[in-house]
Each structure stands twice: as C-alpha cells, then as structure tokens.
Amino acid sequence: MKTGIKGIRRVSAVAITAGAVLTAGAFAAPAQAATLPTPTITAKGGFVMNNGTGKSLFTKAADTRRSTGSTTKIMTARVVLGQPNLNLDSKVTVQKAYSDYIVNNNWASSARLIVGDKVSVRQLLYGLMLPSGCDAAYALADKFGSGSTRDARVKSFIGKMNATAKSLGLTNTHFDSFDGIGHGSNYSTPRDLTKLASNAMKYSTFRTVVGTKSTKQKVTTKSGGYRYMTWDNTNTLLGSYAGTIGVKTGSGPEAKYCLVFAATRNGKTVIGAVLASSSVPNRTADAKKLLDYGFKK
C-alpha cells in the first residue's frame with residue numbers, strides 16, 4: 001500500500017503532537033499539596049511534637065508559664081522511677097497524714113488509700129496516675145524524700161523534682177508541690193510538659209501505668225488480711241481515641257483543665273499538651289484535634 005506525501009506529513013504531525021504532550025507531561029510542575037489548616041483550640045496554651053524526631057508540629061503560647069494542676073504528677077512518677085536500685089514491690093504503710101491531706105484540700109483528688117494498709121510502690125504509681133491520687137503522691141514523696149521528719153522528706157522530694165526538671169532542660173518549669181496543688185510557684189509550659197512526658201515514657205513501668213484504663217489491685221490491710229482497690233484512669237482519650245498510650249490529666253482553680261497526651265499510629269508517636277482549657281470535654285476535644293493534626297503533618 002502506497003502512502004502519499006500528504007499522508008506522511010499528516011502522520012508526522014500527529015507523532016510530533018503526541019510527543020509534545022508526553023514531554024510537557026514529564027516536565028510539568030507537580031500540583032501544590034493543599035495546606036493543612038492549623039487547628040483552633042480553646043486551651044490558652046498547646047504544644048505537639050513528633051516523639052521520634054522531636055520536631056515541633058504545633059505551638060500556641062507553648063513557652064508561657066502556667067499552673068499545671070495534676071499534670072505535675074508526671075514529674076512525681078518520673079522522680080520515683082529515676083531512683084537508683086528502685087524496688088517497685090517494696091511496701092509503704094498508708095499514714096493518717098495522707099488521708100488528712102485529702103480532707104484538708106478541696107481540690108485534692110484521691111486514690112482512697114486506707115490508713116494502715118500496706119501498698120507497693122508500683123500500686124502507688126497506679127493510684128497516682130489513674131485516679132490522680134494526691135494521697136498516693138504524698139505517700140511517694142514521703143517514701144522517696146530524705147530527712148528525719150515527714151516535712152523534711154517532702155521538701156527533699158520536691159527538690160528532686162526541680163533538680164530533675166533542670167537536668168532535662170525544662171527551663172520554664174518549677175515545682176513547689178508533689179501533686180500540683182501549688183503554693184504560688186508551681187508552673188510549667190506546654191513545651192516543657194511534653195518534653196517531660198516524652199522522657200518519662202522511656203520507662204516501661206510509666207508506659208504501662210499511663211496506658212492502663214482501669215486496674216484492680218490487691219493490697220494488704222492493717223490486720224494482715226487483704227482488700228481490692230479499683231482505680232479508673234481520668235484520661236478519657238484511652239478507649240475513645242485510637243492509638244492513645246497516655247498520659248495525664250490535670251485541673252484546678254488556676255490551672256483550669258489540662259491534658260498531656262500521646263498516641264501511636266502506624267509507627268509514629270505524637271505527644272503534646274494543652275494547658276488552661278475551658279472544660280473537661282474541651283480539653284479532650286483540643287487534644288484530639290492536635291493529635292489528628294500531628295499525624296497528618
């Protein structure tokens with residue numbers, strides 16, 4: 001079959017046009033990805049980072065010092081877990097001073113420890129972090145502080161909390177209490193609390209405790225018998241946000257509503273904090289927004 005001159009020209013033109021389209025496609029600039037909108041939160045301060053890389057993912061007044069409420073107890077637990085030759089099964093006898101402390105402080109949340117019971121350090125950590133027991137915090141400070149009197153031991157323990165903060169580079173953090181019921185000088189920032197939680201999560205016991213939704217613990221009574229203590233975690237992200245692994249709630253008249261949170265999805269851990277949110281539901285909603293945002297970044 002013969003092809004005329006006009007036919008050859010027509011085929012060539014088609015080929016050139018097709019080649020031009022392929023070439024243009026190969027070198028065309030990629031479409032710009034849609035900018036991820038920064039979430040709006042009710043909390044006055046917030047911070048989120050990639051726990052694996054330490055990269056900051058979200059900030060809002062992240063370095064402004066604020067009252068922290070019971071998120072302070074992250075440091076209480078961290079100081080205990082950092083003790084040399086720590087025996088988590090060593091027993092502590094519950095003193096009347098611990099229960100009196102709950103009675104005398106309106107904002108003190110309780111693990112409902114019973115005077116005379118013998119509880120282990122491990123159990124006290126559950127009582128500290130799940131129901132946010134200020135009595136458990138007092139017991140741990142009394143156990144791990146140094147001194148001949150309870151007041152001296154508590155003061156020593158708070159000193160250890162501040163020394164640990166300094167060693168971790170938490171330059172905007174200071175403690176004057178073992179539980180967050182401050183005396184005018186108990187503060188931190190969203191960034192510092194996030195860094196503290198990230199460090200505490202390196203301890204397997206801490207991870208286990210703060211990732212527990214509910215626990216039932218057998219403790220020895222004063223008479224040598226036993227009773228069971230049931231503690232539920234105040235962190236409602238556990239069970240309501242997929243991948244949540246911790247960390248700690250906090251509240252108070254000055255602190256308002258706080259939450260330090262962490263979750264892992266597809267091998268990526270996002271960790272952060274919100275301070276001075278306006279309600280319990282709002283601090284939870286704030287944390288979920290920031291976790292969603294962190295996983296997309």
Side-chain angles (χ1 to χ4, degrees), residues 33-64 66 68-75 77-78 129-130 132 168 170 172-173 180 188-204 206-214 232-251 255-297:
T35 303
L36 190 64
T38 303
T40 301
I41 59 174
T42 63
K44 290 183 179 178
F47 180 77
V48 176
M49 74 177 188
N50 181 321
N51 195 54
T53 64
K55 181 183 177 183
S56 171
L57 304 175
F58 172 92
T59 62
K60 177 184 177 181
D63 300 307
T64 300
R66 299 185 189 279
T68 59
S70 285
T71 61
T72 294
K73 290 167 182 156
I74 298 171
M75 181 59 90
R78 170 62 180 78
M129 300 304 284
L130 272 65
S132 197
L168 295 176
L170 309 182
N172 287 307
T173 296
S188 189
T189 68
R191 190 190 306 270
D192 275 8
L193 278 176
T194 301
K195 288 181 177 180
L196 169 59
S198 178
N199 179 268
M201 290 292 268
K202 293 178 181 179
Y203 291 85
S204 61
F206 186 88
R207 292 196 305 274
T208 299
V209 169
V210 299
T212 299
K213 192 175 179 182
S214 182
D232 298 319
N233 204 318
T234 56
N235 181 7
T236 57
L237 287 178
L238 291 166
S240 73
Y241 188 88
T244 297
I245 56 174
V247 175
K248 185 72 187 75
T249 60
S251 61
K256 303 306 178 188
Y257 299 93
C258 312
L259 182 58
V260 181
F261 51 86
T264 300
R265 290 182 179 177
N266 300 317
K268 178 181 180 180
T269 298
V270 174
I271 189 165
V274 289
L275 293 182
S277 194
S278 54
S279 67
V280 170
N282 282 341
R283 77 178 173 195
T284 304
D286 286 345
K288 287 180 177 180
K289 282 182 187 178
L290 295 184
L291 284 166
D292 284 344
Y293 182 74
F295 282 120
K296 290 174 184 175
K297 286 284 280 185

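The structure displayed is predicted, hence computed values, not measured ones. In what follows, residues are counted from 1 in the order of the sequence shown. Values below: every heavy atom of this structure, side chains too, minus hydrogens, waters and symmetry copies.
- S198 and N51 share a side-chain donor-acceptor pair at under 3.5 Å.
- Counting only heavy atoms from C-beta outward, the side chains of K288 and S240 approach each other to under 4.5 Å.
- Judged as a salt bridge (Lys or Arg N to Asp or Glu O under 4.0 Å), and not counting sequence neighbours, R283 has no contacts.
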Could you list the donor-acceptor pairs under 3.5 angstrom formed by side chains in residues 289-297, with sequence neighbours left out?
| residue | atom | partner | partner atom | Å |
| --- | --- | --- | --- | --- |
| K289 | NZ | T40 | O | 2.8 |
| D292 | OD1 | Y241 | OH | 2.7 |

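- R265 and A242 make their closest contact through NE-O, 2.9 Å (heavy atoms, listed as atom of the first residue, atom of the second, distance).
- Closest heavy-atom contact between F261 and V274: CE2-N, 3.9 Å.
- T208 places a side-chain N or O within donor-acceptor distance of the main-chain N or O of S204, the cut-off being under 3.5 Å.
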side-chain contact (heavy atoms from CB on, under 4.5 Å), that's the test. Do L193 and L275 meet it? Break it down for me. CA-CA 10 Å; L193 278 176; L275 293 182; 3.7 Å; yes
Evaluate K268 against N50 for side-chain contact (heavy atoms from CB on, under 4.5 Å), listing each step before the verdict. CA-CA 7 Å; K268 178 181 180 180; N50 181 321; 3.7 Å; yes
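- Under the 3.5 Å distance criterion, with hydrogens and angles disregarded, no donor-acceptor pair is assigned to the side chains of S132 and T234.
- D286 contributes a side-chain N or O that, together with a main-chain N or O of A43, makes up a donor-acceptor pair within less than 3.5 Å.
- A donor-acceptor contact shorter than 3.5 Å is absent between the side chain of R191 and the backbone of F47.
- For R207 (side chain) and K202 (main-chain N/O), a donor-acceptor pair under 3.5 Å exists by modelled atom type.
- Of the residues N282, T284, T42, the one that meets the side chain to side chain donor-acceptor pair (under 3.5 Å) test with S277 is T42.
- A side-chain donor-acceptor contact under 3.5 Å links K60 to the backbone of I41.
- Checked by atom type, the side-chain pair T72/K248 shows no donor-acceptor distance below 3.5 Å.
- Between the side chains of D232 and S214, at least one donor-acceptor pair of N or O atoms lies under 3.5 Å.
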Between M201 and T269, does a side-chain contact (heavy atoms from CB on, under 4.5 Å) hold up when you go through it step by step? CA-CA 11 Å; M201 290 292 268; T269 298; over 6 Å; no
